[in-house]
Amino acid sequence: MTDTSINLAEILPKNYDHREVEPRWVQAWEASGLHHYRPDSAAARAGRTFAIDTPPPYVSAAHLHTGHAMSYSQAEFVVRFKRMRGYEIFYPMGFDDNGLPTERYVEQKYKINKGKISRKEFIDLCLKETRDGAAVYETLWRSLGLSIDWRMTYSTIAPRAVRHAQHSFLDLVNKGRLERRVDPILWCPLCSTALAQADVESGDEQNRPMHAVRFDVDPAALVVGGPTSGLIETTRPELVPACVALACHPDDKRFKTLAQVRFQVPLTDLRFAKSEIASDDGTVASTGDVTRGDYRTIPLIFDESVDPEFGTGLMMVCTFGDPEDIAKWRKHKLDTVLIIDAQGRMITPHLPDLDGKRVYVAAKNSSVYNEARAAALQLLRDHNYLEHIKDNVSRASLHERCSTPVEIQVAPQWFIRLLDLKDQLLQRGRDLVWNPPAMRERYEQWVVNLRWDWNISRQRFYGVPFPLWFCTACEAPNFAQLDELPIDPLMTSCPRPCSACGCADLRPEPDVMDTWMTSSLTPLINANWAMWQDQPDPSLPLAEQARSAIYPAGIRVQAHEIIRTWLFYTVAKSHLHTQSLPWQTVMISGWGLDRHGKKMSKRLGNFVEPGEVIAKYGADSLRYWAAGATLGQDLRYLEDDVKGGKRLLTKLWNSTRFALLYLSNWQPGQVAQTPTAADRWIRSRAVQTVQAATEAFEGCEYNRAVRAAEGFFWNDWCDNYLEIVKDRFREGTPFAGGEVEAARHTLLHGSFLLLRLFAPILPFLTEELYQLALKNLLGPDAPQSVHSAAWPQDEHSGQVTVFAGEFSAEALTQGELLLALIAAVRSCRTAAKIGGGRPLSGLYVCADAQQWAQLEPLLPDFVAASRATGCERGIAADLASAEVAGTTLAVAIVPLVDVVAQGE
RNA sequence: AGGCGCAUAGCUCAGUUGGUUAGAGCACCACGUUGACAUCGUGGGGGUCCGCGGUUCAAAUCCGCGUGCGCCUACCA
């Protein structure tokens with residue numbers, strides 16, 4: 001027997017303390033540069049670089065919860081797996097501090113009135129919040145163990161990203177993809193800015209009453225025998241004064257004869273003439289402030305898009321209530337009557353009761369009429385245009401950042417033309433590898449349903465400035481040169497006179513770019529795309545020669561709700577700029593939900609602070625919870641599941657301690673090993689497990705990998721193999737030296753295998769165990785860290801490298817039989833109320849000669865695991881017995897103490 | 001209104017080419033601690049796999065219809 005009297009506690013403390021261990025490894029990994037990207041490494045030179053593109057979170061929002069910890073952990077499982085597979089990892093972290101979300105956050109936090117603060121003061125506040133937020137994020141990501149190369153960060157408002165966004169803009173100008181148009185655009189009246197289709201979401205269903213409004217036929221255009229009025233139904237009566245046509249279906253018999261008719265627009269005859277009233281005779285007259293003039297009259301148009309069955313079959317067309325209005329306005333070349341201003345106030349000087357009233361309700365989900373609607377209804381009622389009101393359930397289109405119903409404004413904006421590229425963008429989506437595959441459908445549907453070109457102008461302060469000036473004389477845009485970027489035309493005047501007319505007086509574009517204009521470039525920013533033409537700049541974080549290795553990137557990881565935005569825009573940009581996909585693969589994660597199944601959010605208050613969970617249970621436990629989600633599916637946060645992670649940590653700690661007990665003073669190789677049935681079984685199971693875990697990780701299915709590893713670890717390794725093998729090290733064991741040697745080999749390589757299988761999920765615990773317990777045992781060539789150890793399956797050959805060549809189906813079958821026998825003994829013990837620790841004097845298996853021959857190789861392990869003195873064929877006293885599942889074998893036991901008692 | 005996803009034990013969820021008696025963790029019941037682990041072990045109870053119909057020797061799994069929930073998109077005159 002080997003000396004087992006070593007003091008185990010000196011090597012591994014009895015308990016694992018994540019509070020002490022985790023921060024220590026964060027420091028050590030940082031100091032050793034373990035996560036640094038090395039473009040000149042052997043792997044990189046061999047073309048094995050793996051670049052990952054993860055979401056740059058809005059740092060200013062300070063909204064971190066365990067849902068975020070979940071999705072970033074899931075991304076990182078794959079990173080760690082790839083690193084162990086031998087890839088050079090490029091894992092940067094971005095911070096999105098650009099654009100409207102930041103502005104709104106700063107406005108609310110400091111209760112800012114934009115009229116009373118300078119643009120510069122405001123931007124400085126945004127930058128401050130941005131820095132503070134980034135620090136909070138970095139602290140959390142580090143404590144979560146994310147293996148980010150922190151030298152490779154980017155910020156979407158920093159010069160490098162600004163340069164990219166402006167470079168992208170100019171490149172698209174050169175490619176003829178960008179144009180400035182005066183067009184109806186989606187508009188948020190609360191934020192006073194234009195929006196893109198992707199910034200709009202559907203509101204909840206609510207009652208949006210339908211108002212029937214009568215339009216009288218203009219007597220001058222009356223059709224003989226035709227009606228004298230038409231009835232329309234609208235949810236937006238305040239838009240009636242902006243009506244420019246009534247529309248019906250061309251086949252609708254009711255209106256067929258009315259091609260020449262004109263309708264009077266209600267309320268347009270009213271004239272408010274305050275000065276005249278004031279100089280009037282002075283008598284008090286309630287109607288005295290209104291006089292009557294001519295109605296504005298509008299045509300009837302015929303359009304296939306009108307549903308004759310809907311409402312009255314007659315529809316009003318306003319400029320502009322919705323995209324349908326725009327379509328008819330374009331097609332039929334209708335007039336334009338704008339009655340809502342940029343702040344969402346009515347412009348109706350002739351209707352003072354309505355003029356200046358807001359068209360939106362700031363409080364979300366309110367079914368209360370907005371003030372403009374209430375005023376318009378009163379007017380329509382007073383003047384007898386309102387026939388009736390009825391309930392109607394529908395949804396409003398809301399600005400997704402503030403939930404204000406969107407309006408349509410007309411203003412000059414910069415557009416990236418995308419609608420003509422739908423087919424090409426769909427093809428890109430099909431060329432991309434989607435995990436899970438079903439998520440491609442969301443992209444497909446978004447592209448198919450795209451109705452607006454991408455409007456990138458935002459009437460805000462905090463964002464990337466457009467790199468151009470307008471000539472004050474001829475209005476021609478004068479663009480900056482690529483080598484002048486980044487540039488802020490508000491701060492720098494145009495270095496040249498107008499290229500069109502030579503005028504020297506140019507003014508900057510006051511708008512800023514849509515935040516997605518920058519975010520859509522993250523893979524290109526990481527690759528320093530805008531600098532590809534430059535001379536190499538040593539101050540940049542990335543060597544230029546590395547760019548082809550990291551662009552297109554290996555993988556994009558993100559949640560499903562931003563497929564239509566971040567993913568779509570990124571695909572579009574890469575298509576336009578580099579004629580390629582931005583990445584080979586996407587991995588779409590779900591949401592973190594609260595225990596009731598609602599999406600976690602800071603705003604709803606149903607969130608859990610990840611920092612608190614990490615403090616209490618450790619980052620590894622939190623990561624274990626995150627690993628439980630099926631890819632693409634949402635995952636509830638349940639503290640019990642995190643506790644399950646903690647249990648696994650403890651079990652791994654203790655089982656490795658156990659292995660170490662018999663390995664510490666071991667000199668391997670002095671005795672030839674002769675594996676027993678149990679050794680051959682567990683080694684084959686190990687090989688099987690590696691294959692399953694590898695296959696799962698390759699498909700981004702980390703949860704399947706964890707399940708495979710955990711099942712092997714708990715059920716096979718701990719509950720059975722370790723129990724069987726204990727007896728091999730007992731004083732006076734019948735096992736020979738070669739069998740003890742085999743057990744030691746199994747313990748060492750099995751333990752190391754387990755640490756590697758769990759390393760992507762539980763980086764701290766596995767590293768601690770590796771460094772304290774296993775590294776020295778593995779000899780001088782042992783890897784520096786468990787995270788730089790080779791994954792136990794070779795990618796090229798597909799061969800499992802641990803217990804190589806030892807897989808045997810027969811060993812597995814034999815092992816199953818052995819486990820069944822052991823389970824039968826346990827069952828007997830329970831039936832006879834005999835504890836597992838009590839030795840047995842009698843152990844019998846009822847078997848025929850052939851079965852017995854089959855069992856004989858198993859008997860040493862069986863007897864050892866049963867704590868019996870031996871095993872015989874046949875049934876003894878009926879103290880307890882159990883069937884072995886699926887066979888005719890029966891097992892019976894006799895507890896040692898009872899025999900002793902009987903004998904006395 | 002269209003699309004996608006989900007529906008399996010009391011709870012949270014696995015179950016990938018259809019194939020023994022449908023699984024895990026938690027919870028529950030009983031038993032068991034002097035050697036890795038009570039943050040544990042062993043044994044056990046517990047399921048109309050949402051419903052109906054179909055294909056098949058065989059369906060939780062495939063097909064059709066329906067119900068409920070979630071999400072995406074549209075409509076929102």
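Order of the sequence lines fixes the chain letters, A, B, ..., with proteins taken first and strands second; residue numbering starts at 1 for each chain. Bear in mind that the values here come from a model prediction, so they are computed numbers and not experimental data.
- A donor-acceptor contact closer than 3.5 angstrom is absent between the side chains of Tyr16(A) and Glu768(A).
- Considering CD of Glu20(A) and CG of Asn15(A), their distance stands at 12.5 Å, rounded to 0.5 Å.
- Nucleotides rU33(B) and rG45(B) place their C1' atoms 25 Å apart, quoted to the nearest Å.
- Remark on RNA chain B: of its neighbouring residues Phe310(A) and Ala659(A), the 5'-side contact belongs to Ala659(A), judged by nearest-heavy-atom nucleotide.
- Nucleotides rU20(B) and rC62(B) place their P atoms 16 Å apart, quoted to the nearest Å.
- Thr234(A) comes within contact range of the sugar-phosphate backbone alone, with a heavy-atom separation under 4.0 Å but no base atom that close.
- Each of rG25(B), rU73(B), rC71(B) was ranked by its minimum atom distance to the side chain of Arg564(A); first place goes to rU73(B).
- Between rG64(B) and rU55(B), the two C1' atoms lie 11 Å apart (nearest whole Å).
- Regarding Tyr617(A), its OH atom lies at a distance of 13 Å from the C1' atom of rC26(B), rounded to whole Å.
- Considering only the side chain of Asp640(A), rC26(B) comes nearest among rC37(B), rC26(B), rG43(B).
- At a cut-off of 3.5 Å, with distance as the only test, a side-chain donor of Gln688(A) or Arg685(A) sits close to an acceptor on the other residue.
- Ring planes of Tyr443(A) and Phe568(A): tilted class, angle from 30 to 60°.
- For the residue pair Asp199(A) / His399(A), no side-chain donor-acceptor distance below 3.5 Å is found, with atom types taken as modelled.
- Remark: Tyr16(A) is not in phosphate contact with rU39(B), judged by side-chain N or O atoms under 4.0 Å from OP1 or OP2.
- In this structure, Glu695(A) reaches neither bases nor backbone, as no heavy-atom distance under 4.0 Å exists between it and the strands shown.
- Taking the nucleotide of RNA chain B with the nearest heavy atom to each of Arg867(A) and Ala396(A), the more 5' of the two is matched to Arg867(A).
- Using a 4.0 Å heavy-atom distance criterion, Val306(A) is classed as a base contact.
- Using a 4.0 Å heavy-atom criterion, one finds that Trp446(A) contacts the sugar-phosphate atoms exclusively.
- Under the 30°/60° scheme for interplanar angles, the aromatic rings of Phe758(A) and Phe713(A) are found to stand perpendicular.
- In RNA chain B, runs of at least 3 consecutive Watson-Crick or G-U pairs, each pair with both distances below 3.5 Å, span B:1-7 with B:67-73, B:10-13 with B:23-26, B:28-32 with B:40-44, B:50-54 with B:62-66.
- At a threshold of 4.0 angstrom between heavy atoms, the contacts of Cys718(A) include nucleobase atoms, whether or not backbone atoms are also involved.
- Taking the P atom of each, rC57(B) and rG44(B) are spaced 37 Å apart, rounded to whole Å.
- Atom CD of Glu698(A) sits in a crowded spot, with more than 12 heavy atoms from other residues, nucleotides or ligands closer than 6.0 Å.
- For the pair Glu561(A) CD and rG70(B) C1', the computed distance is 14 Å after rounding to whole Å.
- Between rA36(B) and Lys726(A), a contact under 4.0 Å exists linking OP1 or OP2 to a side-chain N or O.
- Look at Arg647(A) and you'll find a side-chain N or O under 4.0 angstrom from OP1 or OP2 of rC26(B).
- Remark: P of rA36(B) and CZ of Phe713(A) are 14 Å apart, rounded to the nearest angstrom.
- Atom name P, nucleotides rG46(B) and rA24(B): the rounded distance is 14 Å, in whole Å.
- Here the straight-line distance linking atom CG of Asp391(A) with atom CG of Asn207(A) works out to 4.0 Å at 0.5 Å rounding.
- For Trp714(A), a side-chain nitrogen or oxygen approaches OP1 or OP2 of rG41(B) to under 4.0 Å.
- Separating the C1' atom of rC40(B) from that of rU34(B) is a span of 15 Å, rounded to the nearest Å.
- In summary, the side chains of Ser394(A) and Arg208(A) do present a donor paired with an acceptor at a separation below 3.5 Å, with no hydrogens or angles considered.
- Taking the six-membered ring where the residue is Trp, the centroids of Trp454(A) and Tyr569(A) are separated by under 6.0 Å.
- One finds no side-chain N or O of Lys599(A) lying less than 4.0 angstrom from the OP1 or OP2 phosphate oxygen of rC71(B).
- The CG atom of Asn654(A) sits 13 Å away from the P atom of rG35(B) (whole-angstrom rounding).
- In this model, a donor atom of one side chain and an acceptor atom of the other lie less than 3.5 Å apart for Trp591(A) and Glu561(A).
- Nucleotides rC28(B) and rC72(B) have their P atoms positioned 38 Å apart, rounded to a whole Å.
- Residue Lys643(A) contributes atom NZ, which lies 12 Å from atom P of rC26(B) at whole-angstrom precision.
- Here the P atom of nucleotide rA36(B) and the NZ atom of Lys651(A) are 11 Å apart, to the nearest Å.
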Scoring nucleotides 2-14 of chain B by protein non-hydrogen atoms under 4.0 Å (B base, S sugar-phosphate only, - none) yields BSSSS-----SSS
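- Atom CD of Glu723(A) and atom P of rC37(B) are 11 Å apart (whole Å).
- Spacing of C1' atoms, rU56(B) relative to rG3(B), comes out at 30 Å, to the nearest Å.
- Note: NZ (Lys422(A)) to P (rU73(B)) measures 14 Å, nearest angstrom.
- Between Ser621(A) and Lys643(A), the side chains place no donor N or O within less than 3.5 Å of an acceptor N or O (distance only, hydrogens not considered).
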